There are 2 protein chains.
Amino acid sequence: MKRHIDWVEVNAACEALDENEDSLTREIVTRLAEKWTLWTLAELAAADAPMRFSRLMERVEGVSQKSLTKVLRQLERDGLVTRVVFAQVPPRVEYQTTEIALEMLELVHPLWAWASSNVGKFQAARAAYDKRRK
Amino acid sequence: MKRHIDWVEVNAACEALDENEDSLTREIVTRLAEKWTLWTLAELAAADAPMRFSRLMERVEGVSQKSLTKVLRQLERDGLVTRVVFAQVPPRVEYQTTEIALEMLELVHPLWAWASSNVGKFQAARAAYDKRRK
DNA sequence: CAGTATCCGGCACGATACTG
DNA sequence: CAGTATCGTGCCGGATACTG
């Protein structure tokens, strides 16, 4: 059973982009695979409510303050999360996913599901490769 | 109109994995966003035929020999491409996508299509952000 | 032709200290 | 609380030279 991807369609969509748009698309997709981006986004989406910086840092286990700040700034800049600052002491900042981020996560979800359900195949492939190279 | 991702299901799938499996899943997905991986895989898939190293390097514009070699080794190790060496002088090596790689690409495709068709929204979001911060 | 080997700059990321 | 500032490390990826 052969699979078909419509590469003509894919290429058409890509060619239609100018250089700036192309690099931006690449940037968006690439960012998804950076170390904490997806996890952060997923926690915010799962909460389905505004979340404070400190709480987010608890849930995204292992992330440093610096990295979390950076990731959130990038996500905010790309319109994937909203950042609301409450003028009070001590300060309070709430983050939340936007509609467009949820759209994106819906497309990422099947990829993860597929990868995790096929993890056995990958382990087997590696074992075979390593044996061949041994 | 509210969107729903089945986070319960996602989490269930993740929890079911042991530590090794989890990190492998992460590795696979992460690799997809590395600089040349997806492009390489896409060229191989589009050709739908064995392709030589040099030809691949022409098509994946801008990749260095070193990077292409590394990417191909990783893909081979994970069972996403096959590598066939012909014992002749000058040497000839042919790469080709596997069935499982095509499955993966089918899941990645909609993500790219979505990102490129929404590139305008991202540009707008950035413009608004930069203006706010100006 | 299809790689290895080596050097190098940049930056992702962590740890720590400090601040409004 | 929610950051910034600074320092240090490791690795990604490019450039170049060499080899079976």
Side-chain angles (χ1 to χ4, degrees), chain A residues 23 26-41 43-44 47 49-78 81-97 129 132-133, chain B residues 23 26-41 43-44 47 49-78 81-97 129 132-133:
Chain A
S23 88
R26 180 172 295 271
E27 219 178 299
I28 297 291
V29 176
T30 301
R31 190 165 348 283
L32 282 182
E34 277 166 23
K35 197 166 179 183
W36 304 106
T37 306
L38 215 47
W39 194 350
T40 303
L41 223 38
E43 288 294 347
L44 283 173
M51 201 185 286
R52 301 183 64 163
F53 186 90
S54 52
R55 176 145 180 72
L56 199 44
M57 205 169 144
E58 286 166 25
R59 309 216 54 168
V60 183
E61 220 168 321
V63 72
S64 68
Q65 238 176 15
K66 180 184 162 186
S67 295
L68 184 56
T69 300
K70 189 187 165 196
V71 165
L72 287 170
R73 286 290 178 284
Q74 288 173 333
L75 291 174
E76 186 197 359
R77 183 156 121 97
D78 291 335
V81 307
T82 58
R83 176 173 180 270
V84 180
V85 182
F86 296 84
Q88 60 187 46
V89 184
R92 174 173 159 208
V93 181
E94 289 186 343
Y95 295 91
Q96 192 168 11
T97 49
Y129 177 90
R132 232 180 303 145
R133 292 252 146 185
Chain B
S23 87
R26 179 172 296 271
E27 221 178 296
I28 298 290
V29 175
T30 301
R31 189 161 352 279
L32 282 183
E34 277 166 25
K35 199 166 179 183
W36 304 105
T37 307
L38 216 45
W39 193 350
T40 303
L41 224 39
E43 288 294 347
L44 283 173
M51 201 184 287
R52 300 182 65 162
F53 186 89
S54 51
R55 174 143 181 74
L56 199 47
M57 205 168 146
E58 285 165 26
R59 309 216 53 167
V60 182
E61 219 168 320
V63 72
S64 68
Q65 238 177 18
K66 177 185 163 187
S67 295
L68 184 57
T69 300
K70 189 184 165 197
V71 165
L72 287 170
R73 287 288 179 285
Q74 288 173 334
L75 291 174
E76 187 196 358
R77 183 155 120 98
D78 291 335
V81 306
T82 57
R83 176 175 181 269
V84 180
V85 182
F86 295 84
Q88 57 186 50
V89 184
R92 175 171 157 206
V93 181
E94 289 187 342
Y95 295 91
Q96 190 168 12
T97 49
Y129 177 90
R132 233 181 301 145
R133 291 251 146 185

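Per chain, numbering begins at 1; letters A, B, ... match sequence-line order. What you see is a predicted model, and the numbers here were worked out from it, not measured in a lab.
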Throw together a table of side-chain donor-acceptor distances under 3.5 angstrom for residues 54-61 of chain B, partners on residues two or more places apart or in other chains.
{"residue": "B/R59", "atom": "NE", "partner": "B/E43", "partner atom": "OE1", "Å": "3.3"}

Rounded to whole Å, CD of A/E76 lies from P of D/dA2 at a distance of 15 Å
query: Is B/T69 near enough to C/dG3 that one of its side-chain N or O atoms lies under 4.0 angstrom from OP1 or OP2?
result: no
Check your understanding: Can you find a side chain N or O atom of B/R52 that sits less than 4.0 Å from OP1 or OP2 on C/dA2?
Key -> yes
In whole angstroms, the gap separating C1' of C/dC1 from CE of B/M57 amounts to 12 Å
- Just checking, any donor-acceptor pair under 3.5 angstrom between side chains of A/T37 and A/T40? no
Next on the checklist: Whether A/R83 contacts D/dG3 is assessed here as follows: a side-chain N or O lying under 4.0 Å from the phosphate OP1 or OP2. Is that the case?
Outcome noted: yes
Sidechain N-carboxylate O distance under 4.0 Å for A/E34, A/K70:
no
Please determine if a side-chain N or O atom of B/Y95 lies less than 4.0 Å away from the OP1 or OP2 oxygen of C/dC1. no
Between CG of A/L68 and P of D/dG3 the distance, given in whole Å, is 9 Å
Query raised in the report: Going by heavy atoms in the side chains, are A/V84 and A/V93 under 4.5 Å from each other?
Result: no
Whole-Å distance, A/M51 CE to D/dA2 C1', equals 16 Å
- Modelled atom types, side-chain donor and acceptor of A/Y95 and A/R83, under 3.5 Å: yes
| message | Checking A/E94 against A/M51 for the side-chain contact (heavy atoms from CB on, under 4.5 Å) test, could you report, in this order, the C-alpha distance in whole Å, the side-chain angles of both residues, the deciding distance, and whether it holds? | response | CA-CA 5 Å; A/E94 289 186 343; A/M51 201 185 286; over 6 Å; no
Counting primed atoms, P, OP1 and OP2 as sugar-phosphate and everything else as base, the B/S/- map of nucleotides 8-20 of chain C against protein heavy atoms under 4.0 Å is ----SBBB-B--B
Output for pair (A/D78 CG, A/R31 CZ), nearest 0.5 Å, gives 5.0 Å
Treating A/T69 as the side-chain partner and A/Q65 as the backbone partner, does any N or O pair qualify as donor plus acceptor under 3.5 Å?
yes
Pairing string of DNA chain C (Watson-Crick or G-U wobble, both atom distances under 3.5 Å; | = paired to other strand) is ||||||||||||||||||||
Review point. Can you find a side chain N or O atom of A/R73 that sits less than 4.0 Å from OP1 or OP2 on D/dG3?
Key: yes
Notebook entry, point to check: What do the steps show when you test B/L68 against B/L72 for side-chain contact (heavy atoms from CB on, under 4.5 Å), and what is the final call?
Noted result: CA-CA 6 Å; B/L68 184 57; B/L72 287 170; 3.9 Å; yes
